[in-house]
Protein chains: 2
Amino acid sequence: MAPESTRERILDTAEELFAAHGIQGTSLRALTRRAEVNLAAVHYYFGSKDGLLDAVVGRRAEALNAERSQDLERLIGEASADGPRAEAILEAYFRPVIAYMCEQEARGRQATVARLLARIEAEPPDVLGALIRRHFGELSARYLEALQAALPHLPPEQVAERFRFAAALLTQLLSGNLELDVIPGHPPHEASVTERAQHAIAFILAGLRSPAIATIALQDDPCKRADAGTDNPALDRLAKRAISQ
Amino acid sequence: MAPESTRERILDTAEELFAAHGIQGTSLRALTRRAEVNLAAVHYYFGSKDGLLDAVVGRRAEALNAERSQDLERLIGEASADGPRAEAILEAYFRPVIAYMCEQEARGRQATVARLLARIEAEPPDVLGALIRRHFGELSARYLEALQAALPHLPPEQVAERFRFAAALLTQLLSGNLELDVIPGHPPHEASVTERAQHAIAFILAGLRSPAIATIALQDDPCKRADAGTDNPALDRLAKRAISQ
DNA sequence: TCAGGGATCAAACGTCCGTTTGAAACGGCC
DNA sequence: GGCCGTTTCAAACGGACGTTTGATCCCTGA
(Lines give C-alpha, C1' and ligand atoms only; values in the text may rest on other atoms or scores of the structure.)
Protein backbone atom coordinates (compact mmCIF):
# COMPACT_ATOMS: atom_id res chain seq x y z
CA MET A 1 0.00 0.00 0.00
CA ALA A 2 2.59 2.51 1.05
CA PRO A 3 4.74 3.16 -2.03
CA GLU A 4 7.93 1.33 -1.19
CA SER A 5 11.18 2.58 -2.51
CA THR A 6 12.81 0.75 -5.35
CA ARG A 7 15.57 -0.45 -3.07
CA GLU A 8 13.13 -1.93 -0.60
CA ARG A 9 11.00 -3.52 -3.28
CA ILE A 10 14.08 -5.27 -4.57
CA LEU A 11 15.03 -6.46 -1.10
CA ASP A 12 11.54 -7.73 -0.33
CA THR A 13 11.16 -9.54 -3.62
CA ALA A 14 14.66 -10.99 -3.40
CA GLU A 15 13.95 -12.31 0.05
CA GLU A 16 10.77 -13.92 -1.16
CA LEU A 17 12.20 -15.48 -4.30
CA PHE A 18 15.53 -16.51 -2.81
CA ALA A 19 13.57 -18.25 -0.12
CA ALA A 20 11.23 -19.96 -2.53
CA HIS A 21 13.62 -21.05 -5.27
CA GLY A 22 17.08 -20.66 -3.84
CA ILE A 23 19.66 -18.11 -4.78
CA GLN A 24 20.87 -19.81 -7.91
CA GLY A 25 17.32 -20.64 -8.83
CA THR A 26 16.29 -16.99 -8.84
CA SER A 27 17.21 -14.91 -11.85
CA LEU A 28 17.53 -11.17 -11.62
CA ARG A 29 15.18 -10.89 -14.54
CA ALA A 30 12.40 -12.77 -12.81
CA LEU A 31 13.13 -10.81 -9.66
CA THR A 32 12.98 -7.38 -11.20
CA ARG A 33 9.95 -8.29 -13.27
CA ARG A 34 8.04 -9.29 -10.17
CA ALA A 35 9.26 -6.28 -8.22
CA GLU A 36 8.23 -4.05 -11.15
CA VAL A 37 11.67 -2.56 -11.19
CA ASN A 38 14.23 -2.13 -13.90
CA LEU A 39 16.79 -4.87 -14.29
CA ALA A 40 19.73 -2.53 -13.88
CA ALA A 41 18.44 -1.27 -10.55
CA VAL A 42 19.85 -4.32 -8.80
CA HIS A 43 23.37 -3.44 -9.84
CA TYR A 44 22.80 0.22 -9.23
CA TYR A 45 21.88 -0.39 -5.59
CA PHE A 46 23.76 -3.55 -4.69
CA GLY A 47 26.56 -3.87 -7.19
CA SER A 48 25.95 -7.51 -7.96
CA LYS A 49 23.73 -10.45 -7.18
CA ASP A 50 26.05 -11.45 -4.35
CA GLY A 51 25.82 -7.94 -2.95
CA LEU A 52 22.06 -8.23 -3.06
CA LEU A 53 22.15 -11.50 -1.14
CA ASP A 54 24.34 -9.97 1.51
CA ALA A 55 21.99 -7.01 1.84
CA VAL A 56 18.94 -9.26 2.08
CA VAL A 57 20.50 -11.30 4.85
CA GLY A 58 22.00 -8.27 6.53
CA ARG A 59 18.72 -6.41 6.78
CA ARG A 60 17.04 -9.23 8.68
CA ALA A 61 20.12 -10.19 10.63
CA GLU A 62 20.47 -6.68 11.98
CA ALA A 63 16.94 -6.63 13.34
CA LEU A 64 17.21 -10.17 14.63
CA ASN A 65 20.53 -9.56 16.31
CA ALA A 66 19.28 -6.41 17.98
CA GLU A 67 16.38 -8.29 19.49
CA ARG A 68 18.50 -11.23 20.50
CA SER A 69 21.14 -9.04 22.03
CA GLN A 70 18.58 -7.14 24.03
CA ASP A 71 16.94 -10.37 25.21
CA LEU A 72 20.23 -11.81 26.31
CA GLU A 73 21.23 -8.69 28.22
CA ARG A 74 17.90 -8.69 29.98
CA LEU A 75 18.26 -12.34 30.89
CA ILE A 76 21.70 -11.80 32.33
CA GLY A 77 20.53 -8.78 34.24
CA GLU A 78 17.56 -10.58 35.77
CA ALA A 79 19.40 -13.78 36.57
CA SER A 80 21.12 -14.78 39.77
CA ALA A 81 24.89 -14.79 40.11
CA ASP A 82 24.99 -18.15 38.36
CA GLY A 83 23.59 -16.59 35.24
CA PRO A 84 20.36 -17.43 33.42
CA ARG A 85 19.06 -20.96 33.05
CA ALA A 86 19.57 -22.96 29.88
CA GLU A 87 15.90 -22.98 28.88
CA ALA A 88 15.68 -19.23 29.22
CA ILE A 89 18.69 -18.78 26.98
CA LEU A 90 17.39 -21.19 24.41
CA GLU A 91 14.00 -19.57 24.47
CA ALA A 92 15.51 -16.14 23.96
CA TYR A 93 17.47 -17.50 21.02
CA PHE A 94 14.32 -18.84 19.40
CA ARG A 95 11.84 -16.15 20.35
CA PRO A 96 12.62 -13.36 17.87
CA VAL A 97 12.58 -15.69 14.90
CA ILE A 98 9.39 -17.38 16.01
CA ALA A 99 7.74 -14.08 16.73
CA TYR A 100 8.61 -12.86 13.26
CA MET A 101 7.16 -16.00 11.73
CA CYS A 102 4.02 -15.56 13.79
CA GLU A 103 3.67 -12.04 12.58
CA GLN A 104 4.11 -13.04 8.95
CA GLU A 105 1.73 -15.96 9.31
CA ALA A 106 -0.90 -13.74 10.89
CA ARG A 107 -0.67 -11.51 7.86
CA GLY A 108 -1.12 -14.49 5.61
CA ARG A 109 2.34 -14.08 4.16
CA GLN A 110 5.02 -16.65 3.81
CA ALA A 111 7.68 -16.40 6.47
CA THR A 112 10.35 -15.78 3.96
CA VAL A 113 13.41 -15.01 6.04
CA ALA A 114 13.15 -18.35 7.64
CA ARG A 115 13.19 -20.33 4.44
CA LEU A 116 15.87 -18.04 3.18
CA LEU A 117 18.19 -18.90 6.02
CA ALA A 118 17.71 -22.54 5.26
CA ARG A 119 18.44 -21.94 1.59
CA ILE A 120 21.65 -20.22 2.46
CA GLU A 121 22.70 -23.36 4.26
CA ALA A 122 22.79 -25.01 0.89
CA GLU A 123 25.22 -22.57 -0.63
CA PRO A 124 28.80 -23.64 -1.18
CA PRO A 125 30.61 -23.82 2.16
CA ASP A 126 32.88 -20.84 1.54
CA VAL A 127 30.06 -18.47 0.72
CA LEU A 128 27.88 -19.91 3.42
CA GLY A 129 30.52 -19.84 6.13
CA ALA A 130 31.51 -16.27 5.47
CA LEU A 131 27.93 -15.07 5.34
CA ILE A 132 26.83 -16.77 8.54
CA ARG A 133 29.95 -15.77 10.41
CA ARG A 134 29.65 -12.16 9.38
CA HIS A 135 26.01 -11.78 10.27
CA PHE A 136 25.43 -14.22 13.10
CA GLY A 137 28.82 -15.16 14.46
CA GLU A 138 29.38 -12.67 17.22
CA LEU A 139 25.98 -13.00 18.82
CA SER A 140 26.02 -16.77 18.56
CA ALA A 141 29.25 -16.72 20.52
CA ARG A 142 27.61 -14.74 23.31
CA TYR A 143 24.66 -17.10 23.46
CA LEU A 144 26.94 -20.09 23.47
CA GLU A 145 29.00 -18.69 26.30
CA ALA A 146 25.87 -18.06 28.33
CA LEU A 147 24.79 -21.62 27.68
CA GLN A 148 28.14 -22.96 28.74
CA ALA A 149 27.83 -21.06 31.99
CA ALA A 150 24.34 -22.47 32.49
CA LEU A 151 25.51 -26.03 31.95
CA PRO A 152 28.71 -26.14 34.00
CA HIS A 153 28.58 -29.90 34.46
CA LEU A 154 29.11 -30.40 30.73
CA PRO A 155 32.41 -29.95 28.92
CA PRO A 156 32.28 -26.64 27.01
CA GLU A 157 33.00 -28.31 23.70
CA GLN A 158 30.00 -30.56 24.13
CA VAL A 159 27.79 -27.60 24.89
CA ALA A 160 29.14 -25.95 21.76
CA GLU A 161 28.42 -29.02 19.71
CA ARG A 162 24.91 -29.30 21.05
CA PHE A 163 24.35 -25.61 20.45
CA ARG A 164 25.23 -26.27 16.84
CA PHE A 165 22.67 -29.07 16.81
CA ALA A 166 20.10 -26.67 18.20
CA ALA A 167 20.84 -24.00 15.63
CA ALA A 168 20.72 -26.56 12.84
CA LEU A 169 17.36 -27.79 14.02
CA LEU A 170 16.02 -24.27 14.24
CA THR A 171 17.10 -23.72 10.68
CA GLN A 172 15.36 -26.87 9.53
CA LEU A 173 12.29 -25.92 11.47
CA LEU A 174 12.21 -22.60 9.69
CA SER A 175 12.90 -24.05 6.29
CA GLY A 176 9.52 -25.67 6.16
CA ASN A 177 11.08 -28.95 5.11
CA LEU A 178 9.78 -30.55 8.28
CA GLU A 179 6.26 -29.89 7.10
CA LEU A 180 6.65 -31.85 3.90
CA ASP A 181 4.57 -34.97 3.72
CA VAL A 182 7.27 -37.50 2.92
CA ILE A 183 6.38 -40.44 5.15
CA PRO A 184 3.45 -42.26 3.61
CA GLY A 185 0.65 -42.76 6.08
CA HIS A 186 2.08 -40.26 8.52
CA PRO A 187 1.36 -36.77 7.31
CA PRO A 188 2.86 -34.02 9.44
CA HIS A 189 0.67 -32.74 12.20
CA GLU A 190 -0.85 -29.40 11.38
CA ALA A 191 0.21 -26.88 13.94
CA SER A 192 0.89 -23.22 14.32
CA VAL A 193 4.37 -21.82 14.29
CA THR A 194 4.28 -21.45 18.04
CA GLU A 195 3.29 -25.04 18.61
CA ARG A 196 5.97 -26.34 16.31
CA ALA A 197 8.56 -24.14 17.98
CA GLN A 198 7.42 -25.33 21.39
CA HIS A 199 7.94 -28.92 20.44
CA ALA A 200 11.31 -28.22 18.92
CA ILE A 201 12.46 -26.33 21.99
CA ALA A 202 11.42 -29.17 24.26
CA PHE A 203 13.23 -31.64 22.03
CA ILE A 204 16.39 -29.58 21.94
CA LEU A 205 16.39 -28.83 25.62
CA ALA A 206 16.26 -32.51 26.46
CA GLY A 207 19.26 -33.05 24.23
CA LEU A 208 21.16 -30.12 25.69
CA ARG A 209 20.56 -31.35 29.20
CA SER A 210 21.46 -34.97 28.65
CA PRO A 211 24.51 -36.28 30.51
CA ALA A 212 27.96 -35.69 29.12
CA ILE A 213 29.39 -38.22 26.75
CA ALA A 214 32.59 -39.90 27.74
CA THR A 215 35.31 -39.66 25.17
CA ILE A 216 36.01 -43.03 23.72
CA ALA A 217 39.45 -44.32 22.98
CA LEU A 218 40.15 -43.70 19.34
CA GLN A 219 41.58 -47.10 18.59
CA ASP A 220 38.04 -48.39 18.87
CA ASP A 221 36.91 -45.97 16.23
CA PRO A 222 36.22 -47.84 13.01
CA CYS A 223 36.92 -44.65 11.10
CA LYS A 224 40.51 -44.76 12.23
CA ARG A 225 41.11 -48.38 11.48
CA ALA A 226 43.17 -49.24 8.47
CA ASP A 227 40.80 -51.89 7.22
CA ALA A 228 37.53 -50.01 7.29
CA GLY A 229 35.54 -52.93 6.08
CA THR A 230 32.07 -53.69 4.89
CA ASP A 231 29.88 -54.77 7.74
CA ASN A 232 31.13 -53.36 10.94
CA PRO A 233 30.19 -54.85 14.30
CA ALA A 234 32.57 -52.47 16.10
CA LEU A 235 30.47 -49.56 15.03
CA ASP A 236 27.39 -51.17 16.45
CA ARG A 237 29.04 -51.63 19.81
CA LEU A 238 30.36 -48.13 19.71
CA ALA A 239 27.04 -46.57 18.99
CA LYS A 240 25.34 -48.72 21.60
CA ARG A 241 27.83 -47.55 24.18
CA ALA A 242 27.30 -43.96 23.17
CA ILE A 243 23.61 -44.06 23.81
CA SER A 244 23.69 -46.05 27.02
CA GLN A 245 22.49 -43.69 29.64
CA MET B 1 41.55 -47.88 -11.50
CA ALA B 2 39.07 -50.29 -12.98
CA PRO B 3 37.73 -48.71 -16.16
CA GLU B 4 34.31 -47.53 -15.11
CA SER B 5 31.53 -47.44 -17.60
CA THR B 6 30.41 -44.11 -18.96
CA ARG B 7 27.16 -44.40 -17.11
CA GLU B 8 28.87 -44.98 -13.81
CA ARG B 9 31.39 -42.23 -14.37
CA ILE B 10 28.55 -39.82 -14.92
CA LEU B 11 26.78 -40.98 -11.78
CA ASP B 12 29.91 -40.75 -9.66
CA THR B 13 30.85 -37.32 -10.91
CA ALA B 14 27.30 -36.05 -10.61
CA GLU B 15 27.13 -37.23 -7.03
CA GLU B 16 30.36 -35.46 -6.25
CA LEU B 17 29.53 -32.19 -7.97
CA PHE B 18 25.88 -32.05 -6.94
CA ALA B 19 27.08 -32.50 -3.38
CA ALA B 20 29.76 -29.86 -3.64
CA HIS B 21 27.95 -27.12 -5.53
CA GLY B 22 24.30 -28.04 -5.43
CA ILE B 23 22.21 -29.26 -8.31
CA GLN B 24 21.56 -25.89 -9.87
CA GLY B 25 25.16 -24.94 -9.29
CA THR B 26 26.42 -27.86 -11.34
CA SER B 27 26.35 -27.55 -15.11
CA LEU B 28 26.25 -30.57 -17.32
CA ARG B 29 29.21 -29.14 -19.18
CA ALA B 30 31.40 -28.99 -16.11
CA LEU B 31 30.13 -32.40 -15.10
CA THR B 32 30.89 -34.13 -18.37
CA ARG B 33 34.23 -32.38 -18.69
CA ARG B 34 35.34 -33.67 -15.32
CA ALA B 35 33.96 -37.14 -15.99
CA GLU B 36 35.75 -37.11 -19.36
CA VAL B 37 32.54 -37.98 -21.06
CA ASN B 38 30.67 -36.44 -23.93
CA LEU B 39 28.06 -33.86 -23.09
CA ALA B 40 25.29 -35.72 -24.87
CA ALA B 41 25.91 -38.87 -22.87
CA VAL B 42 23.92 -37.49 -19.96
CA HIS B 43 20.78 -37.25 -22.07
CA TYR B 44 21.52 -40.52 -23.75
CA TYR B 45 21.55 -42.38 -20.45
CA PHE B 46 19.29 -40.34 -18.20
CA GLY B 47 17.07 -38.31 -20.51
CA SER B 48 17.55 -35.04 -18.67
CA LYS B 49 19.31 -33.42 -15.77
CA ASP B 50 16.38 -34.22 -13.52
CA GLY B 51 16.56 -37.83 -14.61
CA LEU B 52 20.22 -37.83 -13.69
CA LEU B 53 19.48 -36.48 -10.23
CA ASP B 54 16.88 -39.14 -9.69
CA ALA B 55 19.31 -41.83 -10.75
CA VAL B 56 22.05 -40.47 -8.50
CA VAL B 57 19.77 -40.46 -5.49
CA GLY B 58 18.18 -43.74 -6.45
CA ARG B 59 21.45 -45.61 -6.69
CA ARG B 60 22.44 -44.73 -3.14
CA ALA B 61 18.95 -44.94 -1.75
CA GLU B 62 18.59 -48.48 -2.99
CA ALA B 63 21.72 -49.64 -1.19
CA LEU B 64 20.88 -47.66 1.90
CA ASN B 65 17.31 -48.90 2.05
CA ALA B 66 18.42 -52.48 1.64
CA GLU B 67 20.73 -52.16 4.61
CA ARG B 68 18.22 -50.32 6.69
CA SER B 69 15.48 -52.76 5.87
CA GLN B 70 17.67 -55.71 6.80
CA ASP B 71 18.73 -54.05 10.05
CA LEU B 72 15.17 -53.32 11.03
CA GLU B 73 14.02 -56.87 10.29
CA ARG B 74 16.86 -58.24 12.38
CA LEU B 75 16.00 -55.90 15.24
CA ILE B 76 12.38 -56.92 15.20
CA GLY B 77 13.32 -60.56 15.06
CA GLU B 78 15.70 -60.34 17.99
CA ALA B 79 13.49 -58.18 20.16
CA SER B 80 11.01 -59.25 22.76
CA ALA B 81 7.29 -59.15 22.19
CA ASP B 82 7.31 -55.43 22.91
CA GLY B 83 9.49 -54.80 19.93
CA PRO B 84 12.99 -53.30 19.80
CA ARG B 85 14.04 -50.42 22.00
CA ALA B 86 14.12 -46.87 20.74
CA GLU B 87 17.89 -46.53 20.84
CA ALA B 88 18.33 -49.70 18.83
CA ILE B 89 15.96 -48.42 16.19
CA LEU B 90 17.63 -45.05 16.03
CA GLU B 91 21.03 -46.63 15.84
CA ALA B 92 19.94 -48.88 13.00
CA TYR B 93 18.60 -45.84 11.20
CA PHE B 94 21.93 -44.05 11.49
CA ARG B 95 24.33 -46.94 11.11
CA PRO B 96 24.36 -47.53 7.35
CA VAL B 97 24.90 -43.87 6.58
CA ILE B 98 27.60 -43.48 9.19
CA ALA B 99 29.31 -46.65 8.05
CA TYR B 100 29.36 -45.39 4.49
CA MET B 101 30.85 -42.10 5.60
CA CYS B 102 33.48 -43.95 7.61
CA GLU B 103 34.37 -45.99 4.60
CA GLN B 104 34.69 -42.94 2.38
CA GLU B 105 36.68 -41.07 4.99
CA ALA B 106 39.04 -43.99 5.42
CA ARG B 107 39.71 -43.83 1.70
CA GLY B 108 40.40 -40.14 1.97
CA ARG B 109 37.41 -39.32 -0.18
CA GLN B 110 34.67 -36.87 0.52
CA ALA B 111 31.50 -38.48 1.76
CA THR B 112 29.52 -37.21 -1.15
CA VAL B 113 26.15 -38.86 -0.74
CA ALA B 114 25.81 -37.29 2.59
CA ARG B 115 26.30 -33.75 1.42
CA LEU B 116 24.14 -34.52 -1.55
CA LEU B 117 21.19 -35.44 0.60
CA ALA B 118 21.54 -32.16 2.39
CA ARG B 119 21.70 -30.29 -0.90
CA ILE B 120 18.53 -31.92 -2.03
CA GLU B 121 16.84 -30.45 0.99
CA ALA B 122 17.38 -27.08 -0.58
CA GLU B 123 15.54 -27.87 -3.77
CA PRO B 124 12.09 -26.40 -4.33
CA PRO B 125 9.58 -28.18 -2.10
CA ASP B 126 7.73 -29.93 -4.91
CA VAL B 127 10.83 -31.51 -6.36
CA LEU B 128 12.25 -32.24 -2.95
CA GLY B 129 9.10 -33.74 -1.54
CA ALA B 130 8.56 -36.05 -4.46
CA LEU B 131 12.16 -37.20 -4.48
CA ILE B 132 12.37 -37.93 -0.78
CA ARG B 133 9.00 -39.61 -0.70
CA ARG B 134 9.81 -41.84 -3.63
CA HIS B 135 13.18 -42.98 -2.38
CA PHE B 136 12.90 -42.87 1.39
CA GLY B 137 9.23 -42.70 2.23
CA GLU B 138 8.28 -46.30 2.66
CA LEU B 139 11.19 -47.31 4.83
CA SER B 140 10.91 -44.20 6.95
CA ALA B 141 7.34 -45.18 7.67
CA ARG B 142 8.46 -48.58 8.91
CA TYR B 143 11.08 -47.06 11.15
CA LEU B 144 8.64 -44.55 12.48
CA GLU B 145 6.12 -47.23 13.27
CA ALA B 146 8.75 -49.23 15.13
CA LEU B 147 9.66 -46.11 17.07
CA GLN B 148 6.06 -45.45 17.94
CA ALA B 149 5.77 -48.98 19.29
CA ALA B 150 8.93 -48.48 21.32
CA LEU B 151 7.64 -45.27 22.87
CA PRO B 152 4.06 -46.19 23.75
CA HIS B 153 3.77 -43.54 26.43
CA LEU B 154 4.06 -40.80 23.81
CA PRO B 155 1.30 -39.77 21.41
CA PRO B 156 2.12 -41.18 17.97
CA GLU B 157 2.05 -37.76 16.35
CA GLN B 158 4.68 -36.52 18.73
CA VAL B 159 6.90 -39.48 17.99
CA ALA B 160 6.42 -38.74 14.31
CA GLU B 161 7.34 -35.12 14.83
CA ARG B 162 10.43 -36.02 16.81
CA PHE B 163 11.40 -38.58 14.21
CA ARG B 164 11.31 -35.75 11.69
CA PHE B 165 13.57 -33.76 13.98
CA ALA B 166 15.95 -36.70 14.13
CA ALA B 167 16.04 -37.13 10.39
CA ALA B 168 16.58 -33.41 9.89
CA LEU B 169 19.48 -33.45 12.30
CA LEU B 170 21.01 -36.45 10.59
CA THR B 171 20.79 -34.58 7.33
CA GLN B 172 22.50 -31.57 8.81
CA LEU B 173 25.14 -33.76 10.37
CA LEU B 174 25.86 -35.26 7.01
CA SER B 175 25.85 -31.97 5.19
CA GLY B 176 29.04 -30.88 6.86
CA ASN B 177 27.47 -27.55 7.76
CA LEU B 178 27.90 -28.35 11.41
CA GLU B 179 31.64 -28.42 10.92
CA LEU B 180 31.82 -24.88 9.63
CA ASP B 181 33.62 -22.49 11.89
CA VAL B 182 31.00 -19.79 12.22
CA ILE B 183 31.11 -18.95 15.91
CA PRO B 184 34.17 -16.83 16.55
CA GLY B 185 36.29 -18.17 19.37
CA HIS B 186 34.53 -21.52 19.33
CA PRO B 187 35.80 -23.57 16.42
CA PRO B 188 34.09 -26.93 16.00
CA HIS B 189 35.67 -29.79 17.78
CA GLU B 190 37.62 -32.03 15.45
CA ALA B 191 36.20 -35.49 15.59
CA SER B 192 35.76 -38.53 13.45
CA VAL B 193 32.49 -39.33 11.78
CA THR B 194 31.76 -41.95 14.39
CA GLU B 195 32.29 -39.58 17.26
CA ARG B 196 30.11 -36.92 15.72
CA ALA B 197 27.41 -39.48 15.02
CA GLN B 198 27.63 -40.76 18.58
CA HIS B 199 27.06 -37.32 19.98
CA ALA B 200 24.19 -36.64 17.63
CA ILE B 201 22.53 -39.93 18.51
CA ALA B 202 22.79 -39.18 22.20
CA PHE B 203 21.35 -35.73 21.64
CA ILE B 204 18.47 -37.03 19.58
CA LEU B 205 17.69 -39.90 21.89
CA ALA B 206 17.35 -37.56 24.82
CA GLY B 207 14.90 -35.51 22.80
CA LEU B 208 12.96 -38.54 21.65
CA ARG B 209 12.64 -39.80 25.20
CA SER B 210 11.60 -36.57 26.81
CA PRO B 211 8.12 -36.45 28.29
CA ALA B 212 5.13 -35.77 26.11
CA ILE B 213 4.05 -32.20 25.58
CA ALA B 214 0.59 -31.27 26.63
CA THR B 215 -1.48 -29.69 23.95
CA ILE B 216 -2.11 -26.11 24.78
CA ALA B 217 -5.36 -24.33 24.21
CA LEU B 218 -5.12 -22.49 20.96
CA GLN B 219 -6.60 -19.25 22.19
CA ASP B 220 -3.30 -18.73 24.01
CA ASP B 221 -1.43 -19.08 20.77
CA PRO B 222 -0.18 -15.70 19.62
CA CYS B 223 -0.17 -16.97 16.09
CA LYS B 224 -3.93 -17.32 16.17
CA ARG B 225 -4.67 -13.99 17.72
CA ALA B 226 -6.04 -11.29 15.49
CA ASP B 227 -3.62 -8.66 16.73
CA ALA B 228 -0.35 -10.47 16.40
CA GLY B 229 1.65 -7.64 17.78
CA THR B 230 5.24 -6.63 18.16
CA ASP B 231 6.60 -7.68 21.50
CA ASN B 232 4.74 -10.62 22.76
CA PRO B 233 4.75 -11.66 26.40
CA ALA B 234 2.24 -14.42 25.73
CA LEU B 235 4.78 -16.15 23.56
CA ASP B 236 7.30 -16.03 26.35
CA ARG B 237 4.90 -17.64 28.78
CA LEU B 238 3.95 -20.21 26.22
CA ALA B 239 7.48 -21.21 25.45
CA LYS B 240 8.35 -21.30 29.11
CA ARG B 241 5.49 -23.64 29.76
CA ALA B 242 6.57 -25.84 26.89
CA ILE B 243 10.00 -26.39 28.30
CA SER B 244 9.01 -26.86 31.90
CA GLN B 245 9.80 -30.44 32.65
C1' DT C 1 32.11 -60.47 -44.24
C1' DC C 2 29.03 -57.37 -43.47
C1' DA C 3 24.82 -55.52 -41.73
C1' DG C 4 22.90 -53.41 -37.48
C1' DG C 5 22.42 -51.35 -33.20
C1' DG C 6 24.29 -49.46 -29.13
C1' DA C 7 27.61 -45.99 -27.84
C1' DT C 8 30.14 -41.87 -28.65
C1' DC C 9 31.12 -37.65 -30.78
C1' DA C 10 31.40 -32.49 -32.43
C1' DA C 11 28.45 -29.07 -33.43
C1' DA C 12 24.69 -26.40 -33.15
C1' DC C 13 19.87 -25.04 -31.35
C1' DG C 14 17.36 -21.39 -28.88
C1' DT C 15 17.10 -19.44 -24.40
C1' DC C 16 18.39 -17.35 -20.37
C1' DC C 17 21.96 -15.60 -17.49
C1' DG C 18 24.64 -11.58 -14.81
C1' DT C 19 26.42 -7.48 -16.08
C1' DT C 20 27.33 -3.04 -18.59
C1' DT C 21 26.23 0.97 -21.15
C1' DG C 22 24.61 5.49 -22.27
C1' DA C 23 20.83 8.17 -22.54
C1' DA C 24 16.46 9.83 -20.58
C1' DA C 25 13.71 11.38 -16.55
C1' DC C 26 13.44 13.29 -12.05
C1' DG C 27 14.08 16.53 -8.07
C1' DG C 28 16.01 20.08 -5.19
C1' DC C 29 18.77 24.36 -5.14
C1' DC C 30 20.95 28.72 -6.89
C1' DG D 1 14.84 28.72 -15.84
C1' DG D 2 19.15 26.17 -15.70
C1' DC D 3 22.01 23.14 -13.45
C1' DC D 4 23.62 18.77 -11.28
C1' DG D 5 23.45 14.63 -8.85
C1' DT D 6 20.44 10.81 -8.23
C1' DT D 7 17.50 7.54 -10.10
C1' DT D 8 15.29 5.00 -13.89
C1' DC D 9 15.17 3.11 -18.34
C1' DA D 10 15.68 0.19 -22.86
C1' DA D 11 18.98 -2.15 -25.14
C1' DA D 12 22.73 -4.74 -25.77
C1' DC D 13 27.06 -7.48 -24.28
C1' DG D 14 29.38 -12.02 -24.14
C1' DG D 15 28.88 -16.19 -22.27
C1' DA D 16 26.85 -20.35 -20.27
C1' DC D 17 22.98 -23.11 -19.97
C1' DG D 18 20.00 -27.67 -21.06
C1' DT D 19 18.85 -30.00 -24.91
C1' DT D 20 18.84 -31.89 -29.75
C1' DT D 21 20.74 -33.51 -33.95
C1' DG D 22 22.95 -36.40 -37.23
C1' DA D 23 27.14 -38.42 -38.29
C1' DT D 24 30.59 -41.68 -36.86
C1' DC D 25 32.60 -45.29 -34.29
C1' DC D 26 32.81 -50.02 -32.48
C1' DC D 27 31.40 -54.45 -31.57
C1' DT D 28 28.60 -58.36 -31.91
C1' DG D 29 25.84 -61.95 -34.34
C1' DA D 30 24.55 -64.06 -38.53
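Since we're looking at a predicted model, the values are computed, not measured. A, B, ... follow the sequence lines: proteins, then strands. Residue 1 opens every chain.
Put simply, CD1 on B/I10 is 14 Å from C1' on D/dG18, counting in whole angstrom units. The NE2 atom of B/H43 sits 19 Å away from the P atom of C/dA11 (whole-angstrom rounding). Atom C1' of nucleotide D/dT19 and atom CG of B/L31 are separated by 15 Å, given to the nearest angstrom. For the pair B/D50 CG and D/dG18 C1', the interatomic distance rounds to 10 Å; values are reported in whole Å. In this structure, A/L53 places its CG atom 15 Å from C1' of C/dG18, rounding to the nearest Å. If you take OH of B/Y44 and C1' of D/dC26, they are 12 Å apart, rounded to a whole angstrom. One can place CG of A/L39 at 9 Å from P of C/dG18, the figure rounded to the nearest angstrom. Taking atom CG of residue A/L28 and atom P of nucleotide C/dC16, one finds them 15 Å apart after rounding to whole Å.
For the pair A/L64/A/H135, no side-chain contact is recorded, criterion being any heavy-atom separation below 4.5 Å from C-beta on.
Electrostatic pairing of B/D12 and B/R34 does not count as a salt bridge here, judged by no charged N lying under 4.0 Å from a carboxylate O. Here B/E73 pairs with B/R142 in a salt bridge; the nearest charged N to carboxylate O distance falls below 4.0 Å.
Counting only heavy atoms from C-beta on, B/T6 has its side chain closest to C/dT8 among C/dT8, C/dA12, C/dT19. Of the candidate nucleotides D/dA11, C/dT21, D/dT21, D/dT21 has the atom nearest to the side chain of B/A40.
Within 4.0 Å (heavy atoms only), A/T32 reaches no atom of the nucleic acid at all. Using a 4.0 Å heavy-atom cutoff across all strands shown, A/F46 reaches no nucleic acid atom at all.
Applying side-chain contact (heavy atoms from CB on, under 4.5 Å) to A/L28 and the options A/V42, A/L17, A/I10 leaves one that passes, A/V42. Here the rule is ring-ring contact (aromatic ring centres under 6.0 Å, His included) with A/Y143, and of A/Y93, A/F94, A/F163, A/F136 only A/Y93 fits it.
Of the residues near DNA chain C, A/R33 and B/Y45, the one whose nearest nucleotide (by heavy atom distance) lies more toward the 5' end is B/Y45.
Using a 4.0 Å cut-off, no side-chain N or O of B/S27 falls inside it from OP1 or OP2 of D/dA16. Not one side-chain nitrogen or oxygen of A/N38 sits closer than 4.0 Å to the OP1 or OP2 atom of D/dT7.
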